[in-house]
Amino acid sequence: MLPLVGHQREPSPISWAQQQLLLSKLPRHLARMALFVLNTGVRDDVVCSLQWTWEIKVPELGISVFEVPRAHVKGRRRTRLVVCNSVAQSQVELVRGQHETHVFAYRRERITNVTKVPVMPYRPVQTMNNTAWQRARREAGLGDLHVHDLRHTAGMRLREAGVSESAIADILWHSTRSMTHHYSMAQIVEIHAALEKIRDDSGRWNKSLATLKLEQQQARERQVANG
């Protein structure tokens, strides 16, 4: 086993063009989950676990928040809040009613006899990093893109949008604030407003230093290959 220090992979946030290409290669259920991560900054294991009983509707904003129990939070120190922006909420509405307990679910569609009963049931998605994800990232030319890189992408876009560090910490669950029931409506409004800033391509340039180094290395390799 290699030690963690010195062998941790650099985050690889994606551009808007790469996002569009990746989503076009993903199956529909994974594309929806990926969009949810990109617009909430939540960890992929939380997306797979997300349940309808955790939903709290906020009519004033026209969105939902999800109170994630401590058992599903890394470190299990406290419950946490997932706030939806308009894009994340749209993905929730698209899957509402598919599965009794879980927000995001999957079913294998029939290739033949599509009208024949019984219809195959929806079931929870165990992991986003499956063969479909790996095939999509390969076809999109994104190398070993990790699902967690979508979370890094959300974080980078929030910083580029000028969102305060405290709001980013709340969104990415880096904050040391107390239980979610102590969140005020003002804080939820602040987080929602911050996430609304990353729902569309703003034209900002969101390349990390690691991405620039990789692009430079690839350019040199192409020059060598072309003589």
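Computed from heavy atoms alone, side chains included, the values below leave out hydrogens, waters and symmetry copies.
- More than 12 heavy atoms of other residues, nucleotides or ligands shown are found within 6.0 angstrom of CD on Glu139.
- Separation of the His29 and Tyr106 ring centroids falls under the 6.0 Å cut-off.
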Exercise. Please lay out, stage by stage, how Ile188 and Leu81 fare under the test side-chain contact (heavy atoms from CB on, under 4.5 Å).
Key: CA-CA 9 Å; Ile188 294 173; Leu81 204 67; 4.0 Å; yes
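- Between the side chain of Arg96 and the main chain of Val92, no donor-acceptor pair closer than 3.5 Å is present.
- Looking at Arg157, its side chain never comes within 3.5 Å of a backbone N or O of Ile198 through a donor-acceptor pair.
- Atom CD of Gln134 has more than 12 heavy atoms from other residues, nucleotides or ligands within 6.0 Å.
- Following chains of ILVMFWY side-chain contacts shorter than 4.5 Å, one cannot reach Met33 starting from Leu94, and the two form parts of different hydrophobic clusters.
- Both Trp52 and Leu50 belong to a single network of hydrophobic side chains, linked directly or stepwise wherever heavy atoms of I, L, V, M, F, W or Y lie under 4.5 Å apart.
- Placement of Val37 and Leu142 within a single hydrophobic cluster is found when ILVMFWY residues are connected by side-chain heavy-atom separations under 4.5 Å, directly or transitively.
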Practice problem: For the pair Trp54 and His72, evaluate side-chain contact (heavy atoms from CB on, under 4.5 Å) and give the outcome as yes or no after the intermediate values. | Solution: CA-CA 11 Å; Trp54 305 350; His72 294 273; 3.5 Å; yes
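- In terms of hydrophobic clustering, with Ile, Leu, Val, Met, Phe, Trp and Tyr side chains grouped at heavy-atom distances under 4.5 Å, Tyr122 and Phe104 are assigned to different clusters.
- Judged purely by atom type and a 3.5 angstrom limit, Ser164 uses its side chain to pair as donor or acceptor with the backbone of Ala167.
- Taken together through direct or relayed side-chain contacts under 4.5 Å among Ile, Leu, Val, Met, Phe, Trp and Tyr, Leu23 and Met128 form part of one hydrophobic cluster.
- Note that Arg43 lies outside the cation-pi zone of Trp173, set by a 6.0 Å cut-off to the ring centre and a 45° limit from the axis.
- By the 4.5 Å heavy-atom criterion applied to side chains, Gln89 and Ser64 are counted as neighbours.
- Annotation for Glu93: atom CD counts as buried by contact number, over 12 foreign heavy atoms lying within 6.0 Å.
- In this structure, Val46 and Phe66 have side chains that are not in contact, with every pair of non-hydrogen atoms separated by 4.5 Å or more.
- The shortest distance between side-chain heavy atoms of Ile171 and Leu195 falls below 4.5 Å.
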Practice problem: Would you sort out whether Glu165 and Arg159 count as a salt bridge (Lys or Arg N to Asp or Glu O under 4.0 Å), showing the intermediate values? | Solution: CA-CA 8 Å; Glu165 288 298 324; Arg159 289 182 177 88; 3.8 Å; yes
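- The main-chain N or O of Leu26 is never found under 3.5 Å from a side-chain atom of Trp133 such that the two would form a donor-acceptor pair.
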Practice problem: Please report the C-alpha distance between Arg199 and Ser86 in whole Å, then the side-chain angles of each, then the deciding distance to 0.1 Å, and finally whether the side-chain hydrogen bond (donor to acceptor under 3.5 Å, both in side chains) criterion is met. | Solution: CA-CA 7 Å; Arg199 66 179 185 177; Ser86 54; 3.2 Å; yes
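- Surrounding CZ of Arg107 are more than 12 heavy atoms belonging to other residues, nucleotides or ligands, all under 6.0 Å away.
- Put simply, the side chain of Asp149 never gets that close to the backbone of Leu145: no donor and acceptor are under 3.5 Å apart.
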